[in-house]
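Just below is one structure, and these are the notes that go with it.
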2 protein chains.
Amino acid sequence: MKITIKDIAKLAGVSTATVSKIVNNKIDDVSDTTVYKVRKIIKEKNYTPNYLARSMVTKKTKTLGLIIPDIRNPFFTDIAKGAEDRANELGYSIFFCNSDDDLDKEFTYINSLIEKQVDGIMLAGAAKRDRDRERKININIPIVAVDRNAYYKGIKGSIEIDNYTGAYKGVNHLISKGYERIVFVSGPLETKPSMERLRGYKKALKDAGKIIDNENIIVGTYERNFGEKVIETLDYSLKNVGFFCGNDLIAIGLIKSLKEKNYKVPEEIGVVGFDDIYISLLISPSLTSLRQPSYKMGYESIELLIKILDNNNEEKNKKMLKTRLIIRESTNRINLD
Amino acid sequence: MKITIKDIAKLAGVSTATVSKIVNNKIDDVSDTTVYKVRKIIKEKNYTPNYLARSMVTKKTKTLGLIIPDIRNPFFTDIAKGAEDRANELGYSIFFCNSDDDLDKEFTYINSLIEKQVDGIMLAGAAKRDRDRERKININIPIVAVDRNAYYKGIKGSIEIDNYTGAYKGVNHLISKGYERIVFVSGPLETKPSMERLRGYKKALKDAGKIIDNENIIVGTYERNFGEKVIETLDYSLKNVGFFCGNDLIAIGLIKSLKEKNYKVPEEIGVVGFDDIYISLLISPSLTSLRQPSYKMGYESIELLIKILDNNNEEKNKKMLKTRLIIRESTNRINLD
DNA sequence: TTGTATGCGTTATCAT
DNA sequence: ATGATAACGCATACAA
């Protein structure tokens, strides 16, 4: 039988109200002696409050939901780790949900999280969105969107990456390395990151005096599998082509297929990824990529979410973090300019 | 204001008791007409029960805890994914915890999970254990141990891998490929998997008529970093050496350092990993490894845990899964035998 | 400074 | 077949 506040009250010869105050540190008008006495008994009896009962009356569960599209993508794993660490530091627990990039599954999870009365949700949304359906869902708890876009009513803040500048830097790097045709192997254009990267890609081409050709924009999913298949779909020569990829998984798949076809990377073909997941360092040739502060994104998203919950959110609830170009072997050839 | 069972009762002109019965499908002695009437109103009003209140009285939260050592290791990521999928299918939510292979952190998480009244815990324990301290913790909910060993009182079942046979197969493969000196680069020997693999390693050597030399057993952590440093510590020639590694991360680090020192893998040196994480396919040379059914381990652990919760656990609560040797480039040389 | 009483939303027991 | 009511463990408004 678990010990309750009543037991403590009886043992201490005080009321449950007094014990409750002491447990919650609202001891402004409780005498030092009773505080001492009760604390001692609490310690002795190893009493811990029942969270469920507490939540019933406070309407707060100290619990958050975390929804990410793909736990197998190290980028999201890092986000999750950052989120978990910060939540833990602030005394929150996290319900963990994997949407598999499926909006319906995301809906289901959101409902289930609301039923379980989480205080808030941190969401990296599924790729394909549906503005109308999302708007219809009645969400009365705050959501912080991270990385991906979403349209729920509950969204009260977001942590993003400067994808536009990141893409610009990556494409520009390929151009400066003398690759002639620059191909963008994009993730789903429904996602804001992809849209922004496309913008950056176009701007970089434009600034370099290159023409933008739709033939050079290939759209697929954020999966390695897509990267592996991509060259099969191209009907032009891959001589001196620079590939700018939507993420590292795509780039890794692409490099794999290029090697199998005996293309030389980086001599003939350059490849740039996005995310800088740790595998990118390990493959051969190692991958030039745009490093995202993924752990930080998770960490700060939870921080923002809890700040919103505490209503200390006078500051703006939108934050944009920077990327950094990490140059490795996959583009490291002598500049032909 | 959220709608409650009382509201439904009032609208239907029945008691909350009746509504409760219908909500929980205990309708043996409720008339069809009231069932129909109440169900209709529930649907109209979009009523969902308050889980906290329900849990207060049923003492069940339909919530589980999942503790793993390292979310950044794809092996555990896969376990987590399997766990989440099965929990979701069975109507449970998962609190997700990362112990960073730190026993103290594991303790803290277990306490916090118990406070949050999870129904059970699935645990892949931190590497270093402390039998005495573990035994002292009073745990009144079932724990299923997966992969790693642990000594808590609450442990009611386990899902393991046949590490002994796996190691035997891996070492035997190296021997059959003609590598002369077989070195075991082990993870922490406090973990049962490492102990079992050591047993398998020794048995394979013995069966091949080789002597067991402690100089050939290097112990470290399950991290890539350890693998990268390992050859620095060896003072014998690496000519024709076969490395059997405690996991793939170690093997990947080892291969990286071997390449940097211009050793030829697999011609001069063979490397076998353990886990077969997906990166092993992508590095160069690709890694021969022992595939573990990691997703399945997570999936079945949750299944077992919930079975124990439901008291349908007449079957034995211990299961041992098999490994499979996946041969790739890192050992693929012409047999010198 | 302390205690009493009520309510949070549900399930379960026992009458009716 | 249905309903009244206690109980779960706590926080809080208000009274003392």
Fill in: Residues which pass ring pair (Phe, Tyr, Trp, His ring centres under 6.0 Å) with A:Y47, listed by chain and number, not counting sequence neighbours
none
Worksheet item: So which of residues 25-43 of chain B are in contact with DNA chain C, with a heavy-atom cut-off of under 4.0 Å?
Response: B:K26
Response to the item:
A:I22 CD1 to D:dT12 P, in whole Å, measures 15 Å
Worksheet item: Rounded to the nearest Å, what distance is computed from the CD atom of residue B:E115 to the P atom of nucleotide D:dG9?
Response: 15 Å
Worksheet item: Sequence neighbours excluded, which residues qualify as salt bridge (charged side-chain N to carboxylate O under 4.0 Å, His left out) partners of B:D101?
Response: B:R148
Worksheet entry | Where at least one partner belongs to residues 36-48 of chain B, residue pairs that pass salt bridge (Lys or Arg N to Asp or Glu O under 4.0 Å), sequence neighbours excluded | none
Worksheet entry | For A:D104, side chain to side chain donor-acceptor pair (under 3.5 Å) partners two or more places apart | A:R133
Worksheet item: In whole angstroms, how far is the C1' atom of C:dG9 from the NZ atom of B:K2?
Response: 10 Å
Response to the item:
The ring pair (Phe, Tyr, Trp, His ring centres under 6.0 Å) partners of A:F96 (sequence neighbours excluded) come to B:F96
Worksheet item: Nearest to the side chain of A:K21 - C:dT2, D:dC8, C:dT11?
Response: C:dT2
Worksheet entry | Under 3.5 Å side-chain donor-acceptor pair for B:K116 and A:T63 | yes
Worksheet item: Base, sugar-phosphate, or nothing: which does A:Y51 touch, judged by heavy atoms less than 4.0 Å apart?
Response: nothing
Worksheet, complete the sentence: In whole angstroms, the gap separating C1' of D:dC8 from CZ of B:R54 amounts to 15 Å
Worksheet item: Charged N to carboxylate O under 4.0 angstrom, A:R86 versus A:E89?
Response: yes
Response to the item:
The complete set of side chain to side chain donor-acceptor pair (under 3.5 Å) pairs with one or both residues in residues 106-115 of chain A, sequence neighbours excluded, reads A:E106-A:R129, A:E106-A:Y152, A:Y109-B:E84, A:Y109-B:N88, A:E115-B:Y51
Worksheet item: Does A:S20 place a side-chain N or O at less than 4.0 Å from the phosphate oxygens OP1/OP2 of D:dA11?
Response: yes
Practice prompt. From the options C:dC8, C:dT10, D:dC10, select the nucleotide whose nearest atom is closest to the side chain of A:M56.
Written response: C:dC8
Item to complete: Only counting residues at least two apart or in another chain, list the ones meeting side chain to side chain donor-acceptor pair (under 3.5 Å) with B:T18.
Response: B:S15
Worksheet, complete the sentence: Separation of D:dC10 atom P from A:K6 atom NZ, nearest Å, is 10 Å
Discussion item. With nearest nucleotide decided by heavy atoms, which residue, A:N50 or B:T18, maps closer to the 5′ end of DNA chain D?
Written reply: B:T18
Practice prompt. Using atom OH of A:Y47 as one end and atom P of D:dG9 as the other, report the distance to the nearest whole Å.
Written response: 10 Å
Worksheet item: Taking NZ from A:K59 and P from C:dC8, how many angstroms apart are they, rounded to a whole number?
Response: 7 Å
Worksheet entry | Whole-Å gap separating P (C:dG9) and NZ (A:K116) | 19 Å
Worksheet item: Residues from residues 7-17 of chain A sitting under 4.0 Å of DNA chain C, heavy atoms only?
Response: A:G13, A:V14, A:S15, A:A17
Response to the item:
the helix from C:dT1-D:dA16 to C:dT16-D:dA1: angle between terminal helix axes, five bp per end, to the nearest 10 degrees, reads 40°
Worksheet item: By ring pair (Phe, Tyr, Trp, His ring centres under 6.0 Å), which residues pair with B:F95, not counting sequence neighbours?
Response: A:F95
Practice prompt. Could you walk me through whether B:D85 and B:K81 pass the salt bridge (Lys or Arg N to Asp or Glu O under 4.0 Å) test, one step at a time?
Written response: CA-CA 6 Å; B:D85 284 352; B:K81 179 83 169 76; 3.2 Å; yes
Worksheet, complete the sentence: Here the salt bridge (Lys or Arg N to Asp or Glu O under 4.0 Å) pairs for residues 60-74 of chain A, sequence neighbours left out, are A:R72-B:D78
